[in-house]
2 protein chains.
Amino acid sequence: MPPPGSPPSSLPPLTWLRAFEASARHLSFTRAAAELNLTQSAISQHVRSLENFLGRELFIRKTRALELSEAGANYMPIVREAFDLIAAGTQAFTGGDQGRHLVLQCNMAFSVFWLSPRLPRLYARFPWLVLNIVTPIWDPERHASSAGTEIRFGRPNDMSAAAVRLTRDRFYPVCAPGYQGGAVDFSTATLLDCAGVTGSWGAWFKSQNRPFDRNHEISLASTYVIAMTAAVNGAGISMSHDTLAGGLLESGQLVRASDHSAEQLESYFLMPPPSHASTPASRAFLEWLEGELPPV
Amino acid sequence: MPPPGSPPSSLPPLTWLRAFEASARHLSFTRAAAELNLTQSAISQHVRSLENFLGRELFIRKTRALELSEAGANYMPIVREAFDLIAAGTQAFTGGDQGRHLVLQCNMAFSVFWLSPRLPRLYARFPWLVLNIVTPIWDPERHASSAGTEIRFGRPNDMSAAAVRLTRDRFYPVCAPGYQGGAVDFSTATLLDCAGVTGSWGAWFKSQNRPFDRNHEISLASTYVIAMTAAVNGAGISMSHDTLAGGLLESGQLVRASDHSAEQLESYFLMPPPSHASTPASRAFLEWLEGELPPV
DNA sequence: CGCTATGCATTAAGGAAACTAATGCACAGG
DNA sequence: CCTGTGCATTAGTTTCCTTAATGCATAGCG
């Protein structure tokens with residue numbers, strides 16, 4: 001049995017994937033073999049093994065040509081992207097100018113709503129910086145031990161002692177300016193909630209001792225990105241907070257649907273890299289980040 | 001010499017990466033070995049090999065504990081993300097509900113400015129859909145042969161015959177409403193350009209026979225995401241077009257800096273999956289896409 | 001302050017898995 | 001109809017991993 005924080009035990013042997021990726025690119029086992037410095041036989045076996053593993057045919061073997069099957073066509077871009085990622089990441093090492101590269105790990109919402117609008121300022125200040133933003137698939141279990149420079153969203157208790165609090169938010173409902181003709185009615189509006197976060201509709205109503213019995217009617221989004229873009233587009237009212245919604249409120253794309261707010265238990269934290277892991281790039285980024293955020 | 005559309009020849013053996021990833025997660029070669037059903041000896045050798053390959057130490061070997069080095073801490077999230085991607089993608093196959101998954105390949109700008117605001121509508125219509133958006137690192141060379149459902153930006157001549165044109169745009173300059181106090185002066189403004197695209201400042205001036213000699217003063221962004229967010233934040237004037245800027249113009253975050261526009265030679269194309277690769281998910285998406293876009 | 005236990009590095013020899021080479025088969029193209 | 005191309009398959013060989021033993025450094029403990 002795998003230990004916790006565990007292995008993707010469902011991960012197929014990577015050599016099989018490599019064989020598949022090259023074959024899909026060339027649409028030829030023979031050429032893939034040439035590329036990987038293997039024999040056609042080896043590729044054929046690898047691909048067959050992978051197909052057995054997945055329980056699906058990846059290629060349609062025509063007499064003198066290969067074609068990707070439905071499954072293969074869907075699998076290819078994922079494998080491709082993964083290899084591209086590794087290739088690009090590896091390049092940063094073998095390519096020499098190591099100090100300029102910064103790998104930043106943060107979630108999708110932060111990346112889209114907070115970081116992205118501020119990137120031009122970052123680049124204006126440090127034009128030499130090469131930023132590699134990685135937004136991991138969210139799984140707190142698997143991301144217990146951090147690496148690189150990381151910005152994490154969560155409750156203080158879940159953070160290590162070294163984590164630096166970046167934000168302190170209160171949460172409140174937001175919607176598009178014209179939603180419900182400007183006169184918001186919570187009893188009829190579409191309420192958008194975000195999974196796994198304390199800033200929920202239930203908590204918000206409770207914080208002001210208002211009755212609330214529409215639990216069953218809440219639309220759940222998996223991330224703030226979905227919930228908030230839905231709100232911007234007039235699809236409903238989403239819970240949000242300053243860090244994420246600040247820009248959209250300022251620009252008028254969103255307005256607050258109520259003056260009442262409650263304390264959001266989650267905050268954004270910077271997991272600082274160990275001092276020995278400091279590079280020109282990480283130092284530059286941290287310096288910029290400090291100036292960008294108000295003290296908490 | 002590698003063939004064109006070529007191998008990431010710089011890619012290290014993937015078993016080494018696997019050993020590194022597990023070791024970094026556990027901060028222990030011994031536990032990593034246990035997880036991978038290998039021996040401590042093998043892990044030690046693999047990691048050492050990878051370090052030799054990269055020319056950098058990935059771990060700091062303390063007497064009874066491992067620690068990630070600077071290089072290791074930067075490398076880890078990349079490798080991690082790549083494996084997560086594969087694991088998630090593989091899950092879609094082995095997990096059974098294949099038909100609900102759609103892997104969509106499109107570039108960053110389209111994903112952020114066009115797709116993302118419309119996602120709530122897509123989900124509202126097909127709540128069962130599980131979308132996996134892959135935004136590949138842009139390298140036209142390597143993406144010559146496509147796979148899965150893909151939306152590609154480029155010139156008609158570079159597309160295969162089967163490609164379906166989704167958009168037809170004219171390009172024009174855009175900026176924040178208050179930029180330069182509302183009275184735009186192209187001779188003093190910061191001009192933002194996007195690399196590798198025909199909709200450039202040079203082309204725009206030329207299209208109206210206006211003199212233009214500031215080539216050397218153009219700020220170049222690598223993608224529209226950077227150029228346009230910079231513009232939204234009042235950093236300058238960016239070239240853009242309806243498909244990407246439509247939402248931002250409507251919401252007032254951007255305004256056109258000039259009435260003049262010129263034809264953008266690039267368009268967005270849908271590379272339709274071969275008919276045999278059609279799934280409930282891909283059919284749903286294509287149906288929705290058709291309704292979402294005006295006919296071109 | 002030693003003693004012991006833990007964890008990484010290294011080596012050599014046996015064995016399992018992976019790759020090669022050789023061959024078979026199917027069918028496009030001339 | 002013949003030939004060349006490309007994938008599948010099997011038997012043989014190489015490579016790589018395991019096993020096992022050993023060294024080393026030091027954290028934790030009595």
Side-chain angles (χ1 to χ4, degrees), chain A residues 3 5 7 9 11-69 71-73 76 145 274 276, chain B residues 3 5 7 9 11-69 71-73 75-76 145 276:
Chain A
S9 59
L11 214 63
L14 297 168
T15 45
W16 297 357
L17 293 176
R18 199 136 166 57
F20 164 66
E21 191 269 346
S23 301
R25 194 146 30 80
H26 292 295
L27 289 179
S28 155
F29 291 171
T30 308
R31 282 197 295 278
E35 173 184 317
L36 300 177
N37 290 318
L38 295 176
T39 53
Q40 174 267 337
S41 178
I43 302 294
S44 176
Q45 290 174 42
H46 282 167
V47 172
R48 179 64 74 195
S49 302
L50 183 59
E51 290 176 324
N52 288 338
F53 178 92
L54 296 173
R56 285 192 168 68
E57 300 263 303
L58 295 170
F59 291 101
I60 299 166
R61 281 116 169 127
K62 304 210 160 176
T63 180
R64 277 187 58 190
L66 273 188
E67 207 172 282
L68 278 165
S69 72
M76 172 59 175
S145 91
H276 60 76
Chain B
S9 59
L11 214 62
L14 297 169
T15 45
W16 297 357
L17 293 176
R18 198 136 167 55
F20 164 66
E21 191 268 348
S23 302
R25 194 145 32 79
H26 292 294
L27 290 178
S28 156
F29 289 171
T30 308
R31 281 197 296 278
E35 173 183 317
L36 300 177
N37 291 317
L38 295 177
T39 53
Q40 176 265 337
S41 181
I43 302 294
S44 176
Q45 287 174 42
H46 283 168
V47 172
R48 178 65 74 196
S49 303
L50 183 58
E51 290 176 325
N52 288 338
F53 179 91
L54 296 173
R56 286 190 167 69
E57 300 263 304
L58 294 170
F59 290 101
I60 300 165
R61 280 117 169 126
K62 302 210 159 174
T63 178
R64 277 186 58 189
L66 273 188
E67 207 173 282
L68 278 164
S69 72
Y75 203 40
M76 173 58 176
S145 93
H276 60 77

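Chain A is the first sequence line, chain B the second, and so forth, proteins listed ahead of strands; every chain is numbered from 1. Every heavy atom of this structure was used, including side-chain atoms; hydrogens, water molecules and symmetry mates were not.
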In whole angstroms, how far is the C1' atom of D/dC17 from the CG atom of B/L36?
13 Å
Distances under 3.5 Å between nitrogen or oxygen atoms of protein and nucleotides 10-14 of chain D:
| unit_1 | atom_1 | unit_2 | atom_2 | d |
| --- | --- | --- | --- | --- |
| D/dT10 | O4 | A/S41 | OG | 3.4 |

Could you tell me which non-hydrogen atom of B/R56 sits nearest to which non-hydrogen atom of B/A71, and how far apart they are?
CD-CB, 3.8 Å
I need the minimum non-hydrogen distance between B/T15 and B/H46, along with the two atoms involved.
O-ND1, 4.0 Å
Spacing between B/H46 atom NE2 and C/dT10 atom C1', to the nearest angstrom:
15 Å
With nearest nucleotide decided by heavy atoms, which residue, A/T15 or B/K62, maps closer to the 5′ end of DNA chain C?
B/K62
Under 4.0 Å between a side-chain N/O of A/T63 and OP1 or OP2 of C/dA26, yes or no?
no
Whole-Å gap separating P (D/dG6) and CG (A/L27)
13 Å
Between atom CG in A/L38 and atom P in C/dA21, what is the gap in whole Å?
11 Å
At less than 4.0 Å, is any side-chain N or O atom of B/R48 found next to OP1 or OP2 of C/dA9? Yes or no.
yes
Basic-acidic side-chain contact under 4.0 Å: B/E21, B/R25
yes
To the nearest Å, give me how far apart CZ (B/F29) and P (C/dC8) are.
7 Å
Categorize A/I43 for me: base, sugar-phosphate, or nothing, with a 4.0 angstrom heavy-atom threshold over every strand shown.
nothing
The criterion is ring-ring contact (aromatic ring centres under 6.0 Å, His included); which residues satisfy it with B/F20, sequence neighbours excluded?
B/F59, B/Y75
Name the nucleic acid region contacted by B/T39, choosing base, sugar-phosphate or nothing; use a 4.0 angstrom heavy-atom cut-off, strictly under.
base
Of all heavy-atom pairs linking A/E51 and A/L58, the shortest is OE2-N, 2.7 Å
A/W16 CH2 - C/dA17 P separation (whole Å):
12 Å
Rounded to the nearest angstrom, tell me the gap between atom CG in B/L58 and atom P in C/dC8.
15 Å
Do side-chain atoms of A/Q40 reach the backbone of A/F29 as a donor and acceptor pair under 3.5 angstrom?
no
Whole angstrom value for the distance that separates P of D/dT5 from CZ of A/R61:
22 Å
Heavy atoms only: give me the nearest A/S23-A/V47 pair and the separation to one decimal.
OG-CG2, 4.0 Å
